[in-house]
Amino acid sequence: MSKFINNNLKELEEYTPGEQPQNISEYIKLNTNENPFPPSDRLKKIVTEEAINNLRLYPDPNCKELVDTIAKVYNVDKKNILIGNGSDEILGLAFLGFGEDGAIYPKLSYGFYTVFADLYGIRKKEIPLKRDYYIDIDDYNGKSGMVVIANPNAPTGLELSKEEVEELLEQDPNRIVIIDEAYVDFGGKSSIELTKKHNNLLVVCTFSKSRNLAGARVGFAIGNEEIIKDLNKLKFSFNPYNLNRISSLFAKEALLDKEYFEKCSGIIMENRYYLTESLRDLGFKINDSVANFIFAKCPDSIGGEEYYKYLKKNKVLVRYFPNIDLKDHVRITVGTKYEIDRLLEETKKMLLKIS
Ligand SMILES: *Cc1c(COP(=O)(O)O)cnc(C)c1O
């Protein structure tokens, strides 16, 4: 730490991203919920000489082309859409803009919520999950502040029903509710339609998971016009050109390739079933996930850290959370059939060694 950093930031604990090893091709990478399939083939025609020449120009700060495409695909009005450099940026703007009465979110959820709250000095109201990691929306009733829910939740892979989201919105129309739908496209139910009826809802989405574009950094949010205006004001006060020209084109093409999107999501959902059932057969305890990852409790004979380390030594990466109360759990991204079989093979070897 330098002697120049602000006092209020000295204690800040930053977000720890999942490992991204340099020698990536050596690993079966099931630790950061990326899509195992490459982006749509349509992206290959984008990096033309003209597109490269155009990089001398700033991008459109309003991201008009992408906004128009999202408006069509999701059947919402343009004025209800905000574009972000990944959905993390949008979440960051939302915490900055709407967090003064505190942030209310499940104690076990996306780690970035705590980091944003700490970064902006926002009071945290972390709500413990119920048995089997379920979110009980009654626990949110009567609490003031900004509600943030990943739906489906991470790392649990469980979702709130549409009725539960609606009830959360109706508990207090003067409280903003942010629904983070990073994983909604793998069998979950989106709340985007509810933005037309509820002025206190912001739905945050990403191209990183179901659109195979984690490396391009594109996210978007849908909500009431006034909320979007507020967020745009913050964006234009911080980084007006937040989306680069190439990523903007990539995102548009990915969005238009509906067929490929549905194909990838379909395979991932099938593979999720295969992964879940196979690990259950080996003694793991797993709730049925609606995301592109599963949250697995290891058999009594092995701890989560031990399992994670064994897999890593054998070139399979999964996510282990050392700092939370879940030392017997790992989160495993649903990969290709081949990747899952490699994980299962190593898991069986480890269990054999132990017995
Ligand atoms: C991956 C993820 C995001 C962030 O996605 P980016 O768009 O890549 O910034 C947001 N929320 C949750 C719950 C995620 O898992």
Side-chain angles (χ1 to χ4, degrees), residues 14-20 29-36 39 63 66 70 81-96 103 105-117 119 126 129 133 135 146-160 165 177-188 190-192 202-223 231 235 238-239 242-244 247-248 250-251 254-255 261 265 268 272 289-295 318-319 321 324 330-334:
E14 72 272 31
Y15 181 72
T16 314
E19 299 156 272
Q20 297 287 359
K29 195 168 175 310
L30 305 175
N31 66 331
T32 48
N33 299 342
E34 290 139 334
N35 204 297
C63 313
L66 183 55
I70 292 171
I81 301 169
L82 173 87
I83 306 291
N85 188 293
S87 57
D88 286 338
E89 185 184 52
I90 296 175
L91 290 166
L93 294 174
F95 272 76
L96 176 64
Y105 52 89
K107 195 169 169 63
L108 181 59
S109 192
Y110 186 37
F112 229 132
Y113 304 153
T114 297
V115 178
F116 283 134
L119 176 62
E126 298 180 337
L129 298 181
Y133 314 115
I135 291 172
M146 167 184 79
V147 175
V148 189
I149 307 263
N151 197 39
N153 195 15
T156 62
L158 305 177
E159 74 169 342
L160 291 177
V165 172
V177 175
I178 295 166
I179 300 289
D180 179 349
E181 294 195 347
Y183 299 109
V184 80
D185 293 326
F186 305 101
S190 175
S191 297
I192 288 176
L202 182 73
V203 179
V204 179
C205 311
T206 180
F207 283 76
S208 296
K209 316 290 171 34
S210 62
R211 304 281 175 183
N212 325 45
L213 282 176
R217 311 305 305 128
V218 191
F220 61 101
I222 296 179
L231 291 169
K235 170 186 134 160
F238 184 70
N239 185 12
N242 62 339
L243 191 63
N244 75 70
S247 287
S248 174
F250 281 165
L255 206 52
F261 162 71
S265 302
I268 289 168
R272 177 176 68 209
S289 163
V290 287
N292 69 337
F293 56 83
I294 61 162
F295 189 50
V318 298
R319 190 82 193 257
F321 303 94
I324 52 178
V330 290
R331 191 194 68 195
I332 306 169
T333 305
V334 179

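Remember, it's 1-based here, ligands and their atoms both numbered in the order they're listed.
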Once you restrict both partners to nitrogen or oxygen, which atoms of ligand 1 have a protein partner under 3.5 Å, and how far apart are they?
unit_1: ligand 1; atom_1: 5 (O); unit_2: Ser87; atom_2: OG; d: 3.2
unit_1: ligand 1; atom_1: 7 (O); unit_2: Ser87; atom_2: N; d: 2.6
unit_1: ligand 1; atom_1: 7 (O); unit_2: Ser87; atom_2: OG; d: 2.9
unit_1: ligand 1; atom_1: 7 (O); unit_2: Thr206; atom_2: OG1; d: 2.5
unit_1: ligand 1; atom_1: 7 (O); unit_2: Ser208; atom_2: OG; d: 3.3
unit_1: ligand 1; atom_1: 8 (O); unit_2: Ser208; atom_2: OG; d: 2.6
unit_1: ligand 1; atom_1: 8 (O); unit_2: Arg217; atom_2: NH1; d: 2.7
unit_1: ligand 1; atom_1: 8 (O); unit_2: Arg217; atom_2: NH2; d: 3.3
unit_1: ligand 1; atom_1: 9 (O); unit_2: Ser87; atom_2: N; d: 3.2
unit_1: ligand 1; atom_1: 9 (O); unit_2: Asp88; atom_2: N; d: 3.0
unit_1: ligand 1; atom_1: 9 (O); unit_2: Asp88; atom_2: OD2; d: 3.1
unit_1: ligand 1; atom_1: 9 (O); unit_2: Arg217; atom_2: NH2; d: 2.8
unit_1: ligand 1; atom_1: 11 (N); unit_2: Asp180; atom_2: OD1; d: 3.3
unit_1: ligand 1; atom_1: 11 (N); unit_2: Asp180; atom_2: OD2; d: 2.6
unit_1: ligand 1; atom_1: 15 (O); unit_2: Tyr183; atom_2: OH; d: 2.5
unit_1: ligand 1; atom_1: 15 (O); unit_2: Lys209; atom_2: NZ; d: 3.1

Phe207 and Phe220: aromatic ring centres closer than 6.0 Å? yes
Which value, rounded to the nearest 0.5 Å, describes the distance between Phe112 atom CZ and Leu119 atom CG? 8.5 Å
Between Tyr110 and Tyr113, what is the ring plane arrangement, given parallel below 30°, perpendicular above 60°, and tilted in between? perpendicular
In chain order, what residues pass the side-chain contact (heavy atoms from CB on, under 4.5 Å) check against Val184, with sequence neighbours excluded? Pro152, Glu181, Ser190
Under the salt bridge (Lys or Arg N to Asp or Glu O under 4.0 Å) test, which residues partner Glu34, sequence neighbours left out? Lys29
If the condition is side-chain contact (heavy atoms from CB on, under 4.5 Å), which residues does Ile90 pass it with, not counting sequence neighbours? Leu82, Val204, Ala221
